[in-house]
Amino acid sequence: MEVEKVEREIPRSEVMEIQKNCDPLASEEKVEKESKKVVVLNFGPGYMKQPWKWRSSENQIYRGITFVYANDHPHNPRRLIVLLYAKLGLHRYNCVHGKDLKLSSISTYIKSSGVTSATSYRITFDAKDPRDTSGSLQTFQTHVNERTYGSLLLSCTIACPLGEVTIGSETKRVNMHSLRPELPSENPFQDDTDRFYVLKKSEVKKNDWIRLYLELAVATTKRHHIKHGVANLKILRVALDTTPDPCRPSEKGLHAYDAIFYIRYTDSCKARAGEDGDRVAIVRRIWDEKPQVFRIVGRTESFRSLGNGESTTSPGSKDGTI
């Protein structure tokens with residue numbers, strides 16, 4: 001159904017409130033300055049909870065729109081991205097606070113609008129503690145930024161219970177492309193130099209965020225094929241680079257602040273992987289403690305691109321799916 005566009009005048013105090021909701025990091029001075037030059041458009045009845053767009057006097061959109069997640073069309077490709085980013089925000093919270101909360105539902109999200117295709121998402125969701133038999137939920141908010149569209153270059157600056165003020169900030173622009181790990185010269189799943197540790201199947205199953213890393217890598221780098229989803233991805237093996245972080249030499253292993261994972265998987269979607277369904281996701285997780293920024297960077301490659309890469313896994317091999 002076509003949505004009728006309606007434009008109306010609104011009080012400046014309301015504009016400032018909307019402006020602050022979309023950019024809670026902004027100072028009062030910035031909110032007041034921006035609200036003087038902004039035009040607000042109401043797009044009428046639709047599936048958006050607060051259907052607002054901002055545009056400057058140059059007619060350039062630079063803020064976002066709030067959507068109700070439950071009202072998105074089931075085949076809207078953005079739904080998968082929002083779901084994965086909500087899980088990423090909760091994973092950041094769990095890592096930092098030593099929790100094991102699980103995502104329950106997503107209520108709303110703000111998707112930024114601008115001149116670039118890379119987007120920022122501010123997501124509100126409910127989470128629960130599996131050990132809490134009462135089934136009580138806690139509402140969270142997270143903020144995930146894409147550095148480049150079509151790449152796994154993500155930073156999460158907010159992940160906290162709604163109402164808490166624990167906000168990270170990008171104090172300086174980081175070249176996230178330089179943070180992506182290079183392809184190793186050796187096969188991380190058959191290395192005899194003790195540089196890599198191959199996880200047991202039980203470890204992979206216990207740490208379900210490893211699956212999240214894989215899904216993020218595929219969904220972000222294969223954005224034009226996101227309609228195919230990620231349910232068909234099958235993890236074969238997972239290896240961890242055990243090289244210690246020189247800034248934290250005592251920290252290494254699954255829960256190190258700076259860790260690189262090699263996730264070998266199969267992708268049966270030929271539209272996305274072609275005939276080369278034996279692939280590897282290389283994902284680096286970085287927790288920058290001082291500015292409180294959680295980064296996930298990486299890529300997907302053909303498994304043959306690794307050193308001593310084998311041919312596609314055959315049924316019955318030791319690399320059965322996890």
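In what follows, every heavy atom counts, from backbone to side chain, and hydrogens, waters and symmetry copies are set aside.
Annotation: side chain of Ile235 is in contact with side chain of Ile263 (closest heavy-atom distance under 4.5 Å). Contact of the Leu214 side chain with the Leu216 side chain is not registered, since no non-hydrogen atoms from C-beta on lie closer than 4.5 Å. Between Tyr197 and Leu199, the closest side-chain pair of non-hydrogen atoms falls below 4.5 Å. Here the side chains of Ile282 and Ile260 are in contact, with some heavy-atom distance below 4.5 Å.
Between the side chains of Thr139 and Asp126, at least one donor-acceptor pair of N or O atoms lies under 3.5 Å. Counted by atom type alone, Arg147 and Asn175 present zero donor-acceptor pairs between their side chains at under 3.5 Å. Between the side chains of Asp100 and Asn94, not a single donor N or O lies within less than 3.5 Å of an accepting N or O. There is no side-chain donor-acceptor pair under 3.5 Å between His177 and Ser151.
Taken to the nearest 0.5 Å, the CD1 atom of Ile158 stands 4.0 Å off from the CZ atom of Arg122. A distance of 8.0 Å separates NE2 of His143 from OG of Ser155, quoted to the nearest 0.5 Å. Within the model, atoms CG of Asp72 and CZ of Arg79 stand 5.5 Å from one another, a figure rounded to the nearest 0.5 Å. In this structure, OG1 on Thr66 lies 3.5 Å from CD1 on Ile110, to the nearest 0.5 angstrom. Atom OG1 of Thr157 is separated from atom CD of Gln292 by 10.5 Å, given to the nearest 0.5 angstrom. For the atom pair OH of Tyr85 and CG of Leu80, the computed distance is 9.5 Å after rounding to the nearest 0.5 Å.
Proximity of a side-chain donor or acceptor of Ser112 to a complementary backbone N or O of Ser120 within less than 3.5 Å is detected. Side chain of Glu215 to backbone of Leu212: no donor-acceptor contact under 3.5 angstrom is found. Looking at Arg299, its side chain does come within 3.5 Å of a backbone N or O of Pro181 through a donor-acceptor pair. Side-chain N or O atoms of Arg272 include none that pairs as donor or acceptor with a backbone N or O of Asp267 at under 3.5 Å. A donor-acceptor pair under 3.5 Å links the side-chain atoms of Glu146 to the main chain of Thr119, judged by distance alone.
The two residues Ser268 and Asn232 come nearest to each other via the heavy atoms OG-ND2, 3.1 Å. Closest non-hydrogen pair, Phe125 versus Ile106, comes out as CB-CA, 4.0 Å.
For the pair Arg211 and Tyr265, the NZ or CZ position fails the cation-pi test of under 6.0 Å to the six-membered ring centre and within 45 degrees of the ring normal. Phe294 does not carry Arg285 over the face of its six-membered ring by the limits of under 6.0 Å from the centre and within 45° of the normal.
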Item to complete: Give the intermediate values and the outcome of salt bridge (Lys or Arg N to Asp or Glu O under 4.0 Å) for residues Lys102 and Asp208.
Response: CA-CA 10 Å; Lys102 303 298 182 182; Asp208 55 0; 2.9 Å; yes
Discussion item. Go through it in stages, so that I can follow the logic: the residues are Asp278 and Thr266, the test is side-chain hydrogen bond (donor to acceptor under 3.5 Å, both in side chains), and I'd like the CA-CA distance, side-chain angles, deciding distance and then a yes or no.
Written reply: CA-CA 5 Å; Asp278 191 0; Thr266 58; over 6 Å; no
Practice prompt. Take Glu301 and Tyr262 through the test side-chain hydrogen bond (donor to acceptor under 3.5 Å, both in side chains) and record every step on the way to the result.
Written response: CA-CA 10 Å; Glu301 300 282 352; Tyr262 302 85; over 6 Å; no
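Between Tyr121 and Tyr109, the ring planes are tilted. Angles from 30° to 60° get that label.
Taking the six-membered ring for Trp, Phe261 and Tyr213 have ring centres closer than 6.0 Å.
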